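Each remark here refers to the structure printed beneath this line.
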Amino acid sequence: MQSILQCMDCGQQYPVDQIRYVCDSCGSLLDVCHDFDKARISHALFDARLGTFQTPYHSGVWRYKELVYPAAADEHIVTRPEGNTPLYPSPALAQWAGVKTLYLKHEGENPTGSFKDRGMTGGLTQARVLGVRRVACASTGNTSASLAAYAAFAGIEGIVFFQNKQIALGKLAQAVAYGATCIQVNADFDRNMELVREVADKLGIYVLNSINPFRLEGQKTIMFETLQQLRWQVPDWIVCPGGNLGNSSAFGKGLHELYELGLIDRLPRLAIIQAEGANPLYQSFQTGLNGLRPVHAETIATAIKIGSPVNYAKAVRALRWTDGVVEQVSDQEIMDAKALIDRQGIGCEPASACSLAGVAKLVRRGVIKPAETVVGILTGHVLKDPEATIHYHSGTLPDITAAYPNRLHQAEAALEAISRILETQAEVSDRR
Ligand SMILES: *Cc1c(COP(=O)(O)O)cnc(C)c1O
Ligand SMILES: [Zn+2]
C-alpha cells in the first residue's frame, strides 16, 4: 500500500481503507503518509502538467497527485477541477502594509469560492475509495458549501450542520442550493463539531471536517501551487487566517514535504492570524505553545469564529517546523483590511483579510522585516458575506468605524441630481 494513516504522536499506523480520524491507542490526530516515489517527483513533472486539459492533472490539487494520494484510481477522484488560483502581486497593498513584496494567493477563486474545495476533492475522493453513501460536516459556512457541492457532484448524500446564528448568507444559500441535507442546530460551531462526530459514529456517516486527514492532503497543495507560481523561489513568509487550524496544519505538512523531497531549499516562516475574539492559538503561543485553553468565540469573521480548534496539535507542529508566529487582529482591523483588498478589485470575505491585517501588524511589531517577501492567503470570496460588506460601507456595523467607506449615493431620477453627485465625487477623487 502506498499510503497509510499514521498517528502524529505515537506513530501507530492504520490502513487507509478504514474510517478513522484519531489514533485508537492515544487519541491523537492522524496524518496520511505516502511512500513517495522519489525518482519520479521533480519540478519538471509538475511543470509539465501546467496548461493540460487531462483529468485529473488539470486540477491544482491533482497536478501534484504523487504528493497527494499516489495510488488514487481515476474512477475514485472527484474533481471540479479546483485550484489553479491566481497569485496576485499587490504593490499598493505591500506599500500599505510596509513590505517590499506582497502577493495574495486567492483561494476564494475556487469552484465554490473558498479553499475548502481543495480539501473536499481529497475528502470526497476518499469517500469513494471507502464506498460510503453519506458524508457530513459541522461548519461555519464554507465547509458546508463545499461539501454540498462536491457530494452532489459525486452522487453521495451531503449532510451539513449549521450553527444557530451568524451564518454568512452566501454560504447558507450555497449549501441549500446544492441540495445537501441542511440542519440548523441550536449551538455554536464547537458544540456542532462534537455533535457531528457523535451522530456520524452512530449512523456510519463519513465526517469531512478538517479532522479528516484527507482534507488536509488536498489543502497542502495551496503551498505547492504557490511555490510553483513563484518558480520554486521560497518567500520569507506565508501568512494565513487560523480558525479550526486545518489550513495552517496542512501548510506545515506540505512545506515540510517539499523540503524533505528537495523541491525547495529552505522553509518559509508561517504566520497564523486569529481574530481577537477567537484567539485560542494566539493565547497558547504567548505561553510557549504548551496546551490549548478553549475560548468562547466572537468575531465578525465568522469563518474563523472557533474557540476550540480540532487541529491545534498539528498547527503547533507546523509552527515548530517553520519557526512560525501567531498574531491577533481586531474586527476593526479585519474590516478595514478587507475594504482595502476589495478596493483593489480583488475582494475577499472578512476572515481572509486577517492575512493583510496580520502582515501590517507584524511589520509594525518588527517581526516581518520591510525587505522581506510575503505571501498572504485569501481564503474566501467577496460574495460569501455580502451583509458584512454592505454594513461596513453603510456605517451600520456595531463597534466598527469604517476607515475606507464607499457610501451608496441616492439620487432623484434627474440629470441635474446625478450630475451634482458626480461633480462632487470628482472633486473628492482629485483631492485624494
Ligand atoms: C475555513 C476558513 C478559514 C479557517 O481555516 P481553518 O483551516 O479552519 O483554520 C478561514 N477563512 C475562510 C474563508 C474559511 O472558509
Ligand atoms: Zn497514537
Side-chain angles (χ1 to χ4, degrees), residues 5-14 20-31 105-110 112-120 137-147 167-168 170-171 174-175 189-190 193 208-213 215-216 218-220 222 239-253 270 272-275 278-282 297 299-315 318 326 334 338 341 347-358 376-385 388:
L5 289 169
Q6 182 171 312
C7 173
M8 67 175 289
D9 281 332
C10 77
Q12 176 79 39
Q13 297 187 337
Y14 305 93
R20 197 181 305 275
Y21 316 103
V22 293
C23 177
D24 278 356
S25 323
C26 75
S28 290
L29 298 169
L30 302 175
D31 287 311
K105 173 71 171 159
H106 207 328
E107 286 298 307
E109 301 190 2
N110 263 297
T112 78
S114 84
F115 74 79
K116 301 298 196 302
D117 293 344
R118 292 200 193 241
M120 272 320 148
C137 70
S139 175
T140 61
N142 280 331
T143 304
S144 304
S146 185
L147 180 146
I167 309 159
K171 305 175 187 183
Q174 282 180 294
F189 172 83
D190 297 295
M193 187 67 237
L208 286 180
N209 278 97
S210 56
I211 191 157
N212 186 315
R215 280 264 316 267
L216 305 195
Q219 285 168 214
K220 74 184 184 185
I222 297 171
V239 184
C240 70
N244 224 1
L245 304 176
N247 222 22
S248 35
S249 297
F251 291 3
K253 184 171 191 280
L270 184 63
I272 305 175
I273 316 299
Q274 294 206 294
N279 66 355
L281 182 68
Y282 174 80
T299 169
I300 192 168
T302 52
I304 52 172
K305 198 178 137 212
I306 294 174
S308 181
V310 297
N311 288 296
Y312 170 77
K314 284 185 178 174
V326 185
I334 289 172
K338 169 176 149 58
I341 295 166
C348 66
E349 70 165 277
S352 309
C354 281
S355 297
L356 179 64
I377 309 297
L378 299 182
T379 45
H381 197 277
V382 70
L383 289 175
K384 288 284 192 174
D385 194 347

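Indexing begins at 1, ligand by ligand and atom by atom, following the structure's order. All residue numbers in this chain count up from 1 along the given sequence. Please read these numbers as outputs of a predicted model, since none were measured by experiment.
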Contact atoms of ligand 1, heavy-atom distance to [X] under 4.0 Å:
| X | answer |
| --- | --- |
| Ala351 | 11 (N) |
| Gly246 | 6 (P), 7 (O), 9 (O) |
| Asn244 | 6 (P), 8 (O), 9 (O) |
| Ile304 | 3 (C), 4 (C), 10 (C) |
| Gly242 | 9 (O) |
| Gly380 | 13 (C) |
| Glu349 | 13 (C) |

Minimal non-hydrogen separation, [X] against [Y], with atom names:
| X | Y | result |
| --- | --- | --- |
| Ala278 | Thr299 | CB-CG2, 4.2 Å |
| Leu281 | Ile272 | CD2-CD1, 3.8 Å |
| Asn209 | Arg215 | C-NH1, 3.3 Å |
| Ser248 | Ala318 | O-CB, 3.6 Å |
| Ile304 | Pro241 | CG2-CB, 4.3 Å |

Side-chain donor or acceptor of Asp385 paired with backbone N/O of Ala168 under 3.5 Å:
no
Side-chain H-bond candidate by donor/acceptor type, Glu107 with Asn247, under 3.5 Å:
no
Do we see a donor-acceptor contact under 3.5 Å between the side chains of Ser210 and Asn311?
yes
Under 3.5 Å between some N or O of ligand 1 and some N or O of [X]?
| X | answer |
| --- | --- |
| Asn247 | yes |
| Ser352 | no |
| Gln219 | no |
| Ser114 | no |
| Ala303 | no |

With the Zn ion (ligand 2) at the center, what angle do SG from Cys26 and SG from Cys23 span, rounded to 10 degrees?
110°
Nearest-neighbour protein heavy atom for [atom], which is reported as residue plus atom name and distance:
| atom | result |
| --- | --- |
| atom 5 (O) of ligand 1 | Phe115 CZ, 3.4 Å |
| atom 12 (C) of ligand 1 | Thr379 OG1, 3.2 Å |
| atom 1 (C) of ligand 1 | Lys116 NZ, 1.4 Å |

Could you grab the distance from atom CZ of Phe189 to atom NZ of Lys305, nearest 0.5 Å is fine?
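So the CZ of Phe189 and the NZ of Lys305 are separated by 11.0 Å.
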